[in-house]
Every structure is written in C-alpha cells, then in structure tokens.
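Single-structure report; data block below.
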Amino acid sequence: MNSSRNIINVHSTINSGQYFLWEKRNNSWYGIYDDSILKITLHKHRNNLVYEHDSFPRIEDWPQHVFRLDDKYDEIINEISKKDRIIEKITKEHFGLRIMRQKPIQCIISFLCSSNNNIPRIRLILRNLSRKFGKRIEWDGNTFYSFPTLRTLSTISQSELLHCGFGYRAEYVRKTVISIINQEIDLKFIKDTDYTKSKQEILKLAGVGEKIADCILLFAFDKLEAFPMDTWIIKHFQKKLDYMKTSGLDFKINDKITPKQYRLISKKIREHYGKYSGYAQQFLYYNIREENSRRW
DNA sequence: CGCCAGGGATCTT
DNA sequence: AAGATCCATGGC
C-alpha cells in the first residue's frame, strides 16, 4: 500500500511538451485522442488531490493506459535516480510527472510539426488541422474536433496544409501519410520490435530524423529507452560538463550535432540511465523549461 | 530588422 | 564524412 504507482501530477504531465492537444476549459483538462475526447478534473478531497475522468466516445478507464499507470513508477524513479544526482533531485521536485501514451498517427504528425518550431505554434497548427479536418464533437457543453483519420489526412491538399500553418513541413506530412497508407513502413513491427530496429524503421519517414524518431518511439510506441535530444537538452549538457565527467557521461557536445554525434551520445546516455532513459529525459526537459520560465 | 523555436533534408566542401 | 545552407511562420 501507499505505492506511488497511481500518483499523477496532471498539470506537469500535460504541460511538458510531449502531448500538444490538451486544453483547459473551465476547471477540466480536455485532450484529443484520435477520435475521442478525454476529460480529467482535479478535486481536493480531505487535503488530497484526486482526479475524476471521463471521455467521449467512451474509453473505459483511459487514464490507466494514457498515463501509463501500468509502469512501475517507483522502480523507474529509483532506477534513473540511482546513478545520477541531478535526476534524483528533480524526480523529487516534479514527482508524478508521467510519460503519456499517444495514438501513433496523431503523435507522428504532431512531432513532424515540431522541427525548428516552438510549442505554442505546434499546438496552434495541430488545432487548426483538427478544426478543419477532424470530426466536430459536441460534448459536455463544449465543441471539440477529433484528430483527422489517416484516410482524411491523405485527402488534404498542400495549400490546405499551408493554411493550417505547417509551412515547409507540409511536404513532410504529405509524404509521411502516403508512406503509411502504402505500408512502406510497418507500424506493427515498430510496436513489437526493439528500440534499435524500430528506430531504423521510423527513420524511413520523410521529416523524421534522430530526434523526432526518439519522440515518436517514446510517446507512441512504448520505447522507454528512447532519449530525445533537442536544443534544450543539448544546452543542458553543455553547461554540466564537469558534473558529467564525474557521473560517467563523458562527452563533448556542440550547438548543432550531426546524426552520427547524436547516435554516439544517445548510446552513452542510454548506457548511463538504462532502460528507462525516456523518463529521465522527460524530467530533465521539464526541469530545464521550468528553470527558463518557458511558455508551453 | 534579426533571432529563435522539442530539426531535417540537401547541397558543398 | 563533416559543414553550411535552406526551409515557412510567428513572437519578440
């Protein structure tokens, strides 16, 4: 008893740059999960925060799946804290920060949109896409739009994508949707196989490089060892060179890293943090963003 | 005006 | 193989 397995810091989790289609209306968070709307509301109960969940169309007990309550949270925190004092500190500060499971297509399109972009605008573009091409859903006194299906995505013209704000990424979206529809990549294989092979497969998609591949594998395909390295994570490591030498993370890092450097550093990091590296990354990323008072 | 934003593709050296 | 450049868009 008193296991932390079901502890969720809902606010931190939703606002940690991993899942862009969440929105607070009135006193509840609403998330788009392909063609369903998820709802979560926090209440105080005897000095404790408890949450109440709902969804439409109904998904039975969705928090279990989406917030990954099946993960052994305590064991994971312990594992990534063990050899790393920074992680040990920030996992305490942001305890309850979770990695969320996303729907593959939605996650892939979302992170295609993330290259050379900022989070508020990623959210805006994805909302534009859903509003124009998703299904209108009236529920709970609000209007929502589902995420477009793969079939619908395949019918959207370039100019319509540009009008959503995709910019040069519109071409990536078009090519990627075609690749998936034509089964040039195997999503089931990606789900079932190990990290290295699944990464090789997802990298076939246009607009998916090392970093975005890691995001997709971590957030939609259960590859918890994936450690996405964006500009913020890289800046963080640049500042902690002395710490890293003593912790076994011994590498030099420049502002811009090549794919080869990315793979080398990624390998060292995964050897350092272990099979739950993705959780370490999410805590680090959240902490860096908080320190820099970034807007989500 | 320039710089930056959860980078990646492509062209040049 | 590594480095330089371009990419569309909006906030500041």
Side-chain angles (χ1 to χ4, degrees), chain A residues 12-22 94 97 99-100 102 106-129 132 156-179 185 199-220 223 226-239 251-266 269 277-296:
Chain A
S12 300
T13 300
I14 286 176
N15 293 293
S16 61
Q18 53 172 312
Y19 195 151
F20 303 106
L21 288 172
W22 282 91
H94 310 300
L97 176 61
I99 284 172
M100 286 189 275
Q102 300 184 39
Q106 184 176 327
C107 186
I108 289 168
I109 303 299
S110 295
F111 280 95
L112 272 182
C113 189
S114 73
S115 78
N116 200 20
N117 209 345
N118 58 64
I119 291 178
R121 227 171 69 78
I122 296 167
R123 300 161 62 89
L124 176 66
I125 295 167
L126 294 172
R127 281 204 302 270
N128 289 342
L129 181 72
K132 287 186 185 177
I156 303 175
S157 70
Q158 285 301 281
S159 65
E160 287 173 318
L161 287 174
L162 288 175
H163 203 254
C164 290
F166 278 91
Y168 67 91
R169 307 168 196 85
E171 187 65 7
Y172 298 158
V173 172
R174 189 185 65 80
K175 288 182 177 172
T176 285
V177 167
I178 290 173
S179 295
I185 74 155
K199 184 154 181 182
Q200 203 176 336
E201 184 75 2
I202 200 80
L203 281 170
K204 291 179 183 170
L205 293 175
V208 175
E210 293 288 331
K211 187 267 172 184
I212 290 179
D214 279 333
C215 288
I216 294 169
L217 294 180
L218 176 60
F219 299 133
K223 307 303 183 225
F227 188 96
M229 291 190 290
D230 73 312
T231 52
W232 292 94
I233 292 282
I234 289 170
K235 271 189 264 183
H236 167 78
F237 283 134
Q238 285 175 326
K239 281 193 234 167
F251 56 79
K252 290 179 202 154
I253 191 163
N254 300 317
D255 290 359
K256 295 285 179 184
I257 58 175
T258 65
K260 188 177 177 181
Q261 290 171 317
Y262 188 107
R263 285 191 289 274
L264 180 69
I265 296 168
S266 170
I269 290 204
S277 293
Y279 270 94
Q281 186 275 350
Q282 200 57 30
F283 276 100
L284 269 176
Y285 182 76
Y286 186 75
N287 191 248
I288 297 164
R289 300 280 300 193
E290 287 289 291
E291 279 178 351
N292 289 276
S293 304
R294 303 306 295 190
R295 292 180 167 277
W296 302 98

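So that the names make sense, note that chain A is the first sequence line, chain B the second, and so on, each numbered from 1. All values below come from the heavy atoms of this structure, side chains included, with hydrogens, waters and symmetry mates left out.
- Formation of a donor-acceptor pair under 3.5 Å by the A:Gln102 side chain with backbone atoms of A:Gln18 is found in this model.
- C:dT5 and B:dG6 have their P atoms separated by 24 Å, with the value rounded to a whole Å.
- Annotation: C:dA8 and B:dT10 have their P atoms spaced 14 Å apart (nearest Å).
- For A:Ser159, the side chain to side chain contact (heavy atoms under 4.5 Å, CB included) partners are A:Ser157, not counting sequence neighbours.
- For A:Arg121, the side chain to side chain contact (heavy atoms under 4.5 Å, CB included) partners two or more places apart in sequence, or in a different chain, are A:Asn117, A:Asn118, A:Ile125, A:Arg169.
- With sequence neighbours left out, the ring-ring contact (aromatic ring centres under 6.0 Å, His included) criterion links A:Phe283 to no other residue.
- Nearest to the side chain of A:Lys260, among C:dA1, B:dG8, C:dA8, sits C:dA1.
- With P as the reference atom, B:dC1 and C:dC6 are 16 Å apart, rounded to whole Å.
- Interatomic distance, CD of A:Gln238 versus OG1 of A:Thr231, reported as 10.0 Å (0.5 Å rounding).
- Residues of residues 208-219 of chain A that place a heavy atom closer than 4.0 Å to DNA chain B, in numerical order, are A:Val208, A:Gly209, A:Glu210, A:Lys211, A:Ile212.
- Of all the residues in residues 161-171 of chain A, A:Gly167, A:Tyr168, A:Arg169 reach under 4.0 Å from DNA chain C with at least one non-hydrogen atom.
- Looking at residues two or more places apart in sequence or on another chain, you find a ring-ring contact (aromatic ring centres under 6.0 Å, His included) between A:Phe20 and A:Phe111.
- Rounded to a whole Å, the OH atom of A:Tyr172 is 15 Å from the P atom of C:dC6.
- Taking atom CD on A:Gln261 and atom C1' on B:dG8, their separation rounds to 15 Å, with Å as the unit.
- In terms of modelled atom types and a separation under 3.5 Å, the side chain of A:Gln282 and the main chain of A:Ser16 share a donor-acceptor contact.
- Mapped onto DNA chain B by nearest heavy atom, A:Ser114 and A:Leu205 fall at different nucleotides, with A:Ser114 at the one closer to the 5' end.
- One interatomic measurement links the two molecules: CD1 of A:Ile234 to C1' of B:dG7, which rounds to 10 Å at whole-angstrom precision.
- Among B:dG7, C:dG10, B:dG6, the nucleotide with an atom closest to any side-chain atom of A:Arg121 is C:dG10.
- Atom pair A:Leu124:CG and B:dA5:C1' shows a separation of 14 Å (rounding to whole Å applied).
- Atom pair A:Lys199:NZ and B:dG8:C1' shows a separation of 13 Å (rounding to whole Å applied).
- Taking the ring-ring contact (aromatic ring centres under 6.0 Å, His included) definition, one finds that A:Trp22 meets it with A:Tyr19, sequence neighbours left out.
- Following rounding to the nearest Å, A:Asn117 (CG) and B:dG7 (C1') show an atom-to-atom distance of 10 Å.
- Comparing A:Pro228 and A:Gly207 by the nucleotide of DNA chain B whose heavy atom lies nearest to each, the residue mapping closer to the 5' end is A:Pro228.
- The side chain to side chain contact (heavy atoms under 4.5 Å, CB included) test applied to A:Gln200 returns no partner, not counting sequence neighbours.
- Within the 4.0 Å cut-off from OP1 or OP2 of B:dC4, not a single side-chain nitrogen or oxygen of A:Lys235 is found.
- Within the structure, a side-chain polar atom (N or O) of A:Thr231 is placed less than 4.0 Å from OP1 or OP2 of B:dG7.
- Residues satisfying the side chain to side chain contact (heavy atoms under 4.5 Å, CB included) criterion with A:Ala220, sequence neighbours excluded, are A:Cys107.
- When rounded to the nearest whole Å, the span between CG of A:Leu126 and P of B:dG6 equals 14 Å.
- Residues satisfying the ring-ring contact (aromatic ring centres under 6.0 Å, His included) test with A:Tyr262, not counting sequence neighbours, are none.
- Applying the side-chain hydrogen bond (donor to acceptor under 3.5 Å, both in side chains) criterion to A:Gln281, with sequence neighbours excluded, gives no partner residue.
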Set out, line by line, the N/O atom pairs under 3.5 Å between protein and nucleotides 10-12 of chain B.
none

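- Atom CG in A:Leu129 sits roughly 19 Å away from atom P in C:dA8 (whole-Å rounding).
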